[in-house]
Amino acid sequence: MHTKDGLRAVRQGKPITPASVERYLGSKFGEDLEEVRQAMTGLAHSLPAADLARQAFRLYEVFRPEVKADTAGWGAEGGLDLAKLASAARP
């Protein structure tokens, strides 16, 4: 969402603070957060912005974590394979 402070993530229709996003990501990725951030940034910079927007879900399908077969829904825990993420980036 565009706000007077810039682009913000949204939860339940309201913008959330960058600090809360950072806390959430830190709780999920722990000490690997910086490595994950670098891999995601590399992927984002490998495509023009319009292509990235158009292909976002397809790219996610390349690297999304595997989850247990009996687990459903968003938020299920799984391991992120950074090699798969890197493979999604254009050389």
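Only heavy atoms go into these numbers, but all of them, side chains included; no hydrogens, no water, no symmetry mates.
Annotation for G42 and A89: closest pair O-CB, 4.4 Å, computed over non-hydrogen atoms. The shortest heavy-atom contact between F29 and L80 is CE2-CD2, 3.7 Å. The shortest non-hydrogen separation linking V21 to A9 is CG2-CB, 4.1 Å.
Classified by interplanar angle (parallel below 30°, tilted 30° to 60°, perpendicular above 60°), the ring pair F57/Y60 is tilted.
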Might you work through the side-chain contact (heavy atoms from CB on, under 4.5 Å) test for V10 and I16, ending with a clear yes or no? CA-CA 6 Å; V10 176; I16 56 178; over 6 Å; no
Test side-chain contact (heavy atoms from CB on, under 4.5 Å) on Q38 and T41; report intermediate values, then the result. CA-CA 5 Å; Q38 288 176 8; T41 300; 5.6 Å; no
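Contact of the M1 side chain with the L7 side chain is not registered, since no non-hydrogen atoms from C-beta on lie closer than 4.5 Å. Using a 4.5 Å cut-off on side-chain heavy atoms (C-beta onward), L85 and M40 make contact. Within the 4.5 Å cutoff, the side chain of D81 has no heavy atoms near those of the P65 side chain. Using a 4.5 Å heavy-atom cutoff, the side chains of L47 and L59 are in contact.
Atoms CZ and CG, on F63 and L43 in that order, are 6.0 Å from each other to the nearest 0.5 Å.
Atom CD of E61 is surrounded by more than 12 heavy atoms from other residues, nucleotides or ligands within 6.0 Å.
Shown here are the side chain to side chain donor-acceptor pair (under 3.5 Å) partners of T17, two or more places apart in sequence or in another chain: S20.
The salt bridge (Lys or Arg N to Asp or Glu O under 4.0 Å) analysis of residues 9-27, with sequence neighbours excluded, yields the pairs E22-R37.
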